[in-house]
Amino acid sequence: MNKDLVSIKDLSVPEISGLFDLAAELKKNRKSHEQMLKGHTLGLIFEKPSNRTRVSFEVGMFELGGNSIYLGSEEIRLGKREAVKDAAKVLSRYLDCIVARTFSHARFLEIVKNSDVPVINGLTDLLHPCQALSDIFTIKEKKGLNGITLVFIGDANNVLNSLLYGCGKVGIKMNIASPKGYGPREDILENSACDVKIFDSAEDAVKGADVIYTDVWTSMGQEKEYKKRLRRFKKFQVNSELLNLAKKDAMVMHCLPAHRGEEITDEVLDGKQSIVVDQAENRLHMQKAILVKLLRG
Ligand code: CP
Ligand code: NVA
């Protein structure tokens, strides 16, 4: 693997398979790898809030015998108290690895450029690679990867961009339904190897779905657009009527946190076909695999 995990686009198919195999092994024997990253320290630079990403990386590091330090927006105050490049250069003298969650992807790349230690993308406005890797690992566990169609309903955001790269690598087909003006970016579609169909109706997109995936309509950093987005996306809710149009055994996925009653109803999120909690658990096993691959090779 490269020094850093910036995007799934940069991973080869064997590297992705290697991560899946290692995550499966670490999951099976969860508490028996306490020596793997002994003496290593991970720093988490987070400009935005987090439950899953932060906790899974911190617990993962602990289970592998290492330490972690959380650096929230008030700790180092990137770009305010000191220049991003100064902070990145100094931190990479202390730490063995950095996870960064930034508002802008450009800022994340600036951290990468100025860090001597591996930097992992913990979400930017453009990408969320750790999420998509563990999501595809979850699909593989539940259904295998052959002949799968993943239908994404909603905003073409960071999660969708990483799913497009990831699904393209493993041969999952995608249908995407979004309101006009909120569909996938041309550059991401061009750079992804994914077999994609674009729809303007959620009902048409879900036919034949093995997996229905959705995410919030308003991502972190877009709060000012909340009311407008609520109006624009209202026909793109994942609810029971929509679920009934998919295959009978279709699974429902959401990266969480969910805005219940907006992009997804309680009934579906809490229903039998929802695998969101298994999906969230797998973030832990995948983060551990990523850490081991980057730090131990
Ligand atoms: N899915 C995800 O990344 O969750 P957090 O924002 O809580 O880390
Ligand atoms: N698209 C969401 C994902 C949160 C995990 C956001 O960026 O806020």
Side-chain angles (χ1 to χ4, degrees), residues 5-8 23 42-61 68 70-73 98-108 120-139 150 152-166 176 178-179 182-185 188 211-226 228-230 232-233 236-238 252-260 262-264 269 274-291:
L5 176 55
V6 175
S7 170
I8 299 178
L42 174 73
L44 298 108
I45 305 176
F46 276 47
E47 291 189 325
K48 297 174 180 173
S50 171
N51 170 2
R52 284 142 290 272
T53 309
R54 175 192 177 175
V55 177
S56 57
F57 268 113
E58 290 212 44
V59 171
M61 202 59 193
S68 64
Y70 180 71
L71 300 161
S73 57
I98 293 170
V99 179
R101 169 171 284 197
T102 55
F103 281 97
S104 83
H105 192 67
R107 173 164 284 193
F108 173 76
I120 300 169
N121 184 345
L123 179 148
T124 66
D125 57 355
L126 185 68
L127 298 170
H128 197 3
C130 298
Q131 179 73 52
L133 282 169
S134 89
D135 293 341
I136 296 169
F137 172 70
T138 306
I139 295 170
L150 184 154
F152 188 96
I153 306 288
D155 187 28
N157 59 18
N158 43 12
V159 171
L160 173 68
N161 292 341
S162 286
L163 285 169
L164 275 165
Y165 286 138
I176 301 171
S178 317
Y182 296 88
R185 290 166 49 139
I188 305 270
V211 178
I212 298 179
Y213 199 119
T214 191
D215 185 13
V216 291
W217 294 337
T218 306
S219 285
M220 292 180 279
Q222 300 173 327
E223 289 78 6
K224 281 195 187 133
E225 298 172 36
Y226 176 73
K228 179 175 141 204
R229 285 173 170 267
L230 216 47
R232 300 298 298 274
F233 281 85
F236 293 81
Q237 185 187 63
V238 176
V252 174
M253 299 182 79
H254 190 308
C255 58
L256 302 179
H259 292 170
R260 287 171 175 263
E262 293 180 17
E263 76 277 2
I264 192 162
L269 195 66
S274 166
I275 59 162
V276 298
V277 181
D278 294 337
Q279 181 187 354
E281 182 200 319
N282 278 339
R283 297 290 307 278
L284 170 68
H285 312 300
M286 182 51 68
Q287 322 291 35
K288 287 167 78 175
I290 293 167
L291 288 167

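Every number for a ligand or one of its atoms is a count from 1 in the order of the listing.
The residues lining ligand 1, counting any heavy atom closer than 4.0 Å, are Ser50, Asn51, Arg52, Thr53, Arg101, His128, Gln131, Cys255, Leu256, Arg283.
Judged by distance alone, the side chain of Glu223 and the main-chain N or O of Gly221 form a donor-acceptor pair under 3.5 Å. No side-chain donor-acceptor contact under 3.5 Å links Asn121 to the backbone of Pro129. A side-chain donor-acceptor contact under 3.5 Å links Arg101 to the backbone of Pro49.
Using a non-hydrogen distance threshold of 4.0 Å, Asp155 does not register as a contact of ligand 2.
Short contacts between ligand 2 and Leu123, defined as distances under 4.0 Å to a heavy atom of the residue, involve ligand atoms 3 (C), 4 (C), 5 (C), 7 (O). Within the listing of ligand 2, atoms 5 (C) sit less than 4.0 angstrom from a heavy atom of Leu256. Remark: ligand 2 atoms within the under-4.0 Å shell around heavy atoms of Asn157 are 1 (N).
Aromatic ring pairs are classed by plane angle as parallel below 30°, tilted from 30° to 60° and perpendicular above 60°; the pair His259 and Tyr226 is perpendicular.
Among protein heavy atoms, the minimum distance from atom 8 (O) of ligand 2 is reached at Met220 N, 2.8 Å. Protein heavy atom in closest approach to atom 3 (C) of ligand 2: Asp215 OD2, 3.6 Å.
Remark: Arg54 qualifies as a cation-pi partner of Tyr70 under the 6.0 Å distance and 45° angle criteria applied to the six-membered ring.
To the nearest 0.5 Å, atoms SG (Cys130) and CE (Met286) are separated by 9.0 Å.
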Exercise. Should Val238 and Tyr213 be marked as a side-chain contact (heavy atoms from CB on, under 4.5 Å) after you check the CA-CA gap, both sets of side-chain angles, and the distance that decides it?
Worked result: CA-CA 9 Å; Val238 176; Tyr213 199 119; over 6 Å; no
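In this structure, a donor-acceptor pair under 3.5 Å is present between the side chains of Glu58 and Ser68. Using a 3.5 Å distance cut-off with no hydrogens or angles, the side chains of Glu263 and Thr214 do not pair a donor with an acceptor.
Taking any N or O of His128, backbone or side chain, none lies under 3.5 Å from an N or O belonging to ligand 2. Considering backbone and side-chain atoms alike, Asn158 places an N or O below 3.5 Å from some N or O of ligand 2. In terms of N/O distances under 3.5 Å, ligand 2 is not approached by Val159.
Residue pairs meeting the salt bridge (Lys or Arg N to Asp or Glu O under 4.0 Å) criterion with at least one partner in residues 155-164, sequence neighbours excluded, are Asp155-Arg229.
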